[in-house]
Peer 1: 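This is the structure, below, for whatever I ask next.
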Amino acid sequence: MIPDSAFKKLLHCIREAIPSAIAESVAMAVILGVMLKLSPLLMIGIFVAKFSFSMLIVGANLFCERVFGFIHSKLILVMLYMITIFVSAIPPLLIAIFASAFLELEMYFGLIIFGAVSLLITLLYVFIARNVLEYPEINS
């Protein structure tokens, strides 16, 4: 193990997910942009939304590991994980829809708002799970 704090180790684990999230987001934005002949701004919005949602899933995974790590039933754990992801996606989606509808913004602004709120929720999950590696015997 690296002689570092548990939080830094957690950040190193999260850092490993970033390149694949970027690659998936770029591929999705480019493919959708070419197939649907979208504007570059909309492709950037798709990239931001997909990347932030990928990070939201990583954050939800950490949150579930921290909060529900003591549960030994895999079925219940997976159900709680899916519920956490679903509930986590609702606020960014609603905020983006309402901001786009009431402020009459373009679609790419809505996608960027979705991405920003998703990243804020991800940061909240990382903050909650910051000591998940501190006491590993809790999760066993």
Side-chain angles (χ1 to χ4, degrees):
M1 294 293 292
I2 302 170
D4 236 344
S5 70
F7 185 66
K8 284 187 180 182
K9 291 177 188 175
L10 182 66
L11 290 179
H12 289 302
C13 293
I14 293 171
R15 192 177 62 192
E16 290 179 6
I18 292 175
S20 64
I22 289 174
E24 289 173 3
S25 302
V26 167
M28 184 174 154
V30 169
I31 290 171
L32 284 175
V34 169
M35 285 178 33
L36 301 175
K37 298 179 178 129
L38 302 175
S39 70
L41 287 175
L42 196 53
M43 290 170 59
I44 291 170
I46 291 170
F47 169 80
V48 169
K50 171 65 173 101
F51 175 75
S52 65
F53 191 71
S54 296
M55 292 294 102
L56 180 69
I57 291 173
V58 170
N61 189 9
L62 291 171
F63 175 77
C64 285
E65 189 68 33
R66 176 66 172 163
V67 175
F68 308 121
F70 63 90
I71 297 175
H72 295 292
S73 172
K74 294 295 181 188
L75 177 65
I76 295 173
L77 194 59
V78 168
M79 287 175 47
L80 290 171
Y81 178 63
M82 291 299 168
I83 290 169
T84 303
I85 291 173
F86 180 73
V87 170
S88 299
I90 292 173
L93 187 61
L94 290 178
I95 291 171
I97 288 172
F98 288 131
S100 295
F102 293 125
L103 300 177
E104 298 179 5
L105 298 174
E106 295 290 327
M107 186 182 290
Y108 57 87
F109 278 127
L111 290 169
I112 290 173
I113 290 170
F114 176 86
V117 176
S118 294
L119 286 177
L120 287 175
I121 293 172
T122 302
L123 291 175
L124 174 68
Y125 282 157
V126 169
F127 178 75
I128 290 170
R130 68 188 179 278
N131 292 330
V132 74
L133 297 176
E134 192 74 37
Y135 305 107
E137 62 274 1
I138 292 175
N139 294 331
S140 59

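Just so you know, these numbers use all the heavy atoms, side chains as well, and skip hydrogens, waters and symmetry mates. All residue numbers refer to positions in the sequence shown, counting from 1.
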Peer 1: Roughly how far apart are Ile31 CD1 and Ile46 CD1, rounded to 0.5 Å?
Peer 2: 11.5 Å

Peer 1: Kindly state each residue pair satisfying ring pair (Phe, Tyr, Trp, His ring centres under 6.0 Å) with at least one member in residues 33-63, sequence neighbours excluded.
Peer 2: Phe63-Tyr125

Peer 1: Closest approach of Ala99 and Ile113, non-hydrogen atoms and distance?
Peer 2: CB-CD1, 3.7 Å

Peer 1: Nearest 0.5 Å, please: how far is CD1 in Ile18 from CE in Met55?
Peer 2: 5.5 Å

Peer 1: Are Ile97 and Met107 in one and the same hydrophobic cluster, where Ile, Leu, Val, Met, Phe, Trp and Tyr link if side-chain heavy atoms are under 4.5 Å apart?
Peer 2: yes

Peer 1: For a 4.5 angstrom cut-off between non-hydrogen side-chain atoms, does Arg15 reach His12?
Peer 2: yes

Peer 1: Please determine whether residues Ile112 and Phe98 belong to a single hydrophobic cluster, defined as Ile, Leu, Val, Met, Phe, Trp and Tyr linked transitively by side-chain heavy-atom distances below 4.5 Å.
Peer 2: no

Peer 1: Do the non-hydrogen side-chain atoms of Phe86 and Ile90 ever get within less than 4.5 Å of each other?
Peer 2: yes

Peer 1: Mind checking whether Leu62 and Val126 have side chains closer than 4.5 Å, heavy atoms only?
Peer 2: yes

Peer 1: Within this structure, what is the CG-CG distance for the pair Leu56 and Leu123, rounded to the nearest 0.5 Å?
Peer 2: 10.5 Å

Peer 1: For the CG atom of Leu105 and the CG atom of Leu111, what is their distance to the nearest 0.5 Å?
Peer 2: 11.5 Å

Peer 1: Does Ile85 belong to the same Ile/Leu/Val/Met/Phe/Trp/Tyr cluster as Leu120, with side-chain heavy atoms less than 4.5 Å apart forming each link?
Peer 2: no

Peer 1: Between Thr84 and Val67, is any pair of side-chain heavy atoms under 4.5 Å apart?
Peer 2: no

Peer 1: Under 4.5 Å between side-chain heavy atoms, counting indirect links through other Ile/Leu/Val/Met/Phe/Trp/Tyr residues: same cluster for Ile128 and Ile83 or not?
Peer 2: no

Peer 1: Looking at residues at least two apart in the chain, or sitting in another chain, which of them share a salt bridge (Lys or Arg N to Asp or Glu O under 4.0 Å) with Glu106?
Peer 2: none

Peer 1: Specify the closest pair of heavy atoms between Cys64 and Tyr81, including all atoms of both residues, with the distance to one decimal.
Peer 2: SG-CA, 3.6 Å

Peer 1: Check for me, please, whether Val87 and Val58 land in the same ILVMFWY cluster - side-chain distances under 4.5 Å, paths through other members count.
Peer 2: no

Peer 1: In Å, rounded to the nearest 0.5 Å, how long is the span from CG of Leu38 to CG of Leu32?
Peer 2: 7.0 Å

Peer 1: First locate atom CZ of Phe127, then atom OG1 of Thr122, and finally report the distance between them rounded to the nearest 0.5 Å.
Peer 2: 15.0 Å

Peer 1: When you measure from the side chain of Ser52 to the backbone of Ala49, do you find a donor-acceptor pair of N or O atoms at a distance under 3.5 Å?
Peer 2: yes

Peer 1: Got more than 12 heavy atoms from elsewhere within 6.0 Å of CZ, Phe109?
Peer 2: no

